[in-house]
Amino acid sequence: MNTPLLQLLAIAVVLAAGCATTDEPQDLAPGERPAIHTDEAGLWMLSDKYEQSVISSGRLVNDPDLNEYVTDIVCRIAPLMCSDIRTYIVDTPHFNATMSPNGFMQVWTGLILRADNEAQLAYILGHEVSHFVRRHSVTIWRDYRNKSSVMAYFTLVTALGGGGYSANLAQLLALSSVFAFSRDQEREADDLGLNMMVAAGYDPHEAVRIWQSLEVEREAEDEDEPSIFFATHPSTKERVALLRERASAGPDRIRPPLRNDSEFLALTASNRFKWLRDEVRLRRFDATEVLLKRLLARGDSPAELSYFLGEVYRLSGEEANRRKAVDSYLVAIDTGKAPAETHRSLGLVYRKLGEAEMARRSFQNYLTVATEADDRDMVETYLNDI
């Protein structure tokens, strides 16, 4: 462990011993920072270091238009806290967003990929801002300190001040769980976040719809709680019921919905190929199939999405899926806008099916379209072997 991390651990232990308090923190005021002598100040210091590790991790999405767009939504739903919140889009293919106590918010690309529109993204951002305003992290920190050992502090400080996103899934899970809010805090953040999105003019029913979509994905995985985001949150059925009730309650929640979906779809479309490629690489084939079919149903880029649906079927390794892969690739090709890789993948499937002539034709089409392909030599080897 490096020296700065040891120093942070020492500070954490001192804070644990000397700054105990049971007071419930008041809502954070715009521009407020904790007094330097408090345990909350130490928590912010750790979070500052964690923020720097993420900034230098190489995992930030450097699309200036997308970053500005997401930041603008934060400022629209929480105008008084806008200057206190720093939002980073992190290149990680899981549905998650996190808020640190110092105003550092991460939005993971897997979340943006799954949002159908700006209102759904605004709801998630409002939920995370609510954790910040209500100082939920401080409550967790104090509970953690009062109930845990020095070794637990070591684990927490290592996660906050250590390697950042170097970044296998186990590390991401650890980092995400450092401030795993209680289910009561999640319910409170849902309610305040819903109020924020409604005050900004967004349709609150979109908060219900994004959770319904996620639940369909979760059920397709045939696991109890496979997602990072599901692990510490209320059950989806409970959440959907409560959000639906709150979205429909009272005339104060009824106003013309604000939608800016054309900008949302344009900005996400320019990044989606990489995000989908990362999603497929997770090898969560059943859940990814559900996601891709939902995106296709809403009318997005059939060439790109059909290609990746074919990849899901091909990479699953199941013989029964090979014809499905062929059909999906052909749909992509018929649009006239298929990614070049579609032809190569189609050739690989035909090769598995023993259809030599179709495989040869697909590989030749790939070499014709992808004139500067890095794998040209490998594909030519496939052709020679047929």
Side-chain angles (χ1 to χ4, degrees), residues 66-67 69-82 85 87-90 94-99 103 105-134 136 176 181 183-218 227-230 232-250 252-265 267-268 291 294-295 298:
L66 182 61
N67 278 279
Y69 173 75
V70 173
T71 298
D72 285 347
I73 297 174
V74 173
C75 291
R76 189 178 303 143
I77 61 176
L80 296 179
M81 306 302 295
C82 177
I85 297 171
T87 305
Y88 302 90
I89 302 173
V90 181
H94 296 272
F95 183 94
N96 202 20
T98 66
M99 172 59 80
M105 178 162 60
Q106 301 176 63
V107 181
W108 292 7
T109 51
L111 185 155
I112 301 176
L113 176 64
R114 285 166 171 79
D116 283 334
N117 50 53
E118 184 176 297
Q120 291 185 3
L121 180 58
Y123 154 68
I124 297 293
L125 296 175
H127 174 97
E128 295 303 324
V129 171
S130 300
H131 285 309
F132 176 57
V133 172
R134 290 289 163 91
H136 284 159
S176 181
F181 301 109
R183 297 199 169 194
D184 285 341
Q185 289 172 328
E186 291 295 343
R187 295 181 186 102
E188 187 177 30
D190 269 343
D191 199 34
L192 182 55
L194 198 72
N195 290 339
M196 286 181 176
M197 73 179 292
V198 170
Y202 292 105
D203 180 0
H205 293 90
E206 292 297 340
V208 177
R209 294 180 185 119
I210 192 169
W211 282 111
Q212 289 173 322
S213 298
L214 288 167
E215 177 66 3
V216 176
E217 274 191 56
R218 189 192 71 80
S227 166
I228 294 171
F229 201 76
F230 283 109
T232 59
H233 289 60
S235 73
T236 307
K237 289 182 174 60
E238 174 196 337
R239 189 167 226 157
V240 166
L242 288 173
L243 286 170
R244 182 183 287 118
E245 178 184 346
R246 290 165 183 165
S248 302
D252 60 319
R253 291 187 183 276
I254 301 175
R255 56 175 294 177
L258 174 68
R259 298 289 286 271
N260 192 15
D261 293 346
S262 59
E263 186 176 8
F264 171 82
L265 293 173
L267 288 170
T268 54
L291 170 64
R294 180 167 65 81
L295 296 179
R298 80 182 189 190

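- Remark: the Tyr123 side chain and the Asp190 side chain contain an N/O donor-acceptor pair separated by less than 3.5 Å.
- Here the side chains of Arg294 and Asp116 are in contact, with some heavy-atom distance below 4.5 Å.
- With a 4.5 Å cut-off on side-chain heavy atoms, Glu215 and Val240 do not count as touching.
- Counting heavy atoms from C-beta outward, Pro204 and Arg246 have side chains that stay 4.5 Å or more apart.
- Taking 4.5 Å as the limit, some side-chain heavy atom of Met81 sits within range of a side-chain heavy atom of Phe132.
- Smallest separation of non-hydrogen atoms from Ala200 and Ile77: CB-CG2, 3.9 Å.
- The main-chain N or O of Phe264 is never found under 3.5 Å from a side-chain atom of Asp261 such that the two would form a donor-acceptor pair.
- Contact detail for Met197 and Ala207: the closest heavy-atom pair is SD-CB, 4.2 Å.
- The shortest side-chain heavy-atom distance between Ile73 and Thr87 does not fall under the 4.5 Å cut-off.
- From Arg134, atom CZ reaches atom CD of Gln185 across 11.0 Å, with rounding to the nearest 0.5 Å.
- Using a 4.5 Å cut-off on side-chain heavy atoms (C-beta onward), Ile124 and Phe95 make contact.
- The two atoms that bring Ala189 and His131 nearest to each other are CB-CE1, 3.6 Å, heavy atoms only.
- When side chains are defined from C-beta on, Met105 does not count as touching Val70, because their heavy atoms never get closer than 4.5 Å.
- Residues Ala97 and Leu111 come closest through the heavy atom pair CB-CD1, 3.8 Å.
- Each of Leu125, Val129, Val133 was checked for a side-chain contact (heavy atoms from CB on, under 4.5 Å) with Ile85, and the lone residue meeting it is Val129.
- His127 and Glu186 share a donor-acceptor pair across their side chains, judged by distance under 3.5 Å alone.
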Worksheet item: For Asp203 and Arg209, what are the C-alpha separation, side-chain angles and deciding distance, and is it a salt bridge (charged side-chain N to carboxylate O under 4.0 Å, His left out)?
Response: CA-CA 11 Å; Asp203 180 0; Arg209 294 180 185 119; 3.7 Å; yes

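- A 4.5 Å side-chain heavy-atom check between Asp191 and Arg187 finds every atom pair outside the cut-off.
- A donor-acceptor pair is defined here as one N or O able to donate and one able to accept, closer than 3.5 Å; such a pair exists between the side chain of Arg114 and the backbone of Gly110.
- To the nearest 0.5 Å, atom CD1 of residue Ile89 and atom CD of residue Gln106 are 11.5 Å apart.
- Smallest separation of non-hydrogen atoms from Ala119 and Glu206: CB-CG, 3.6 Å.
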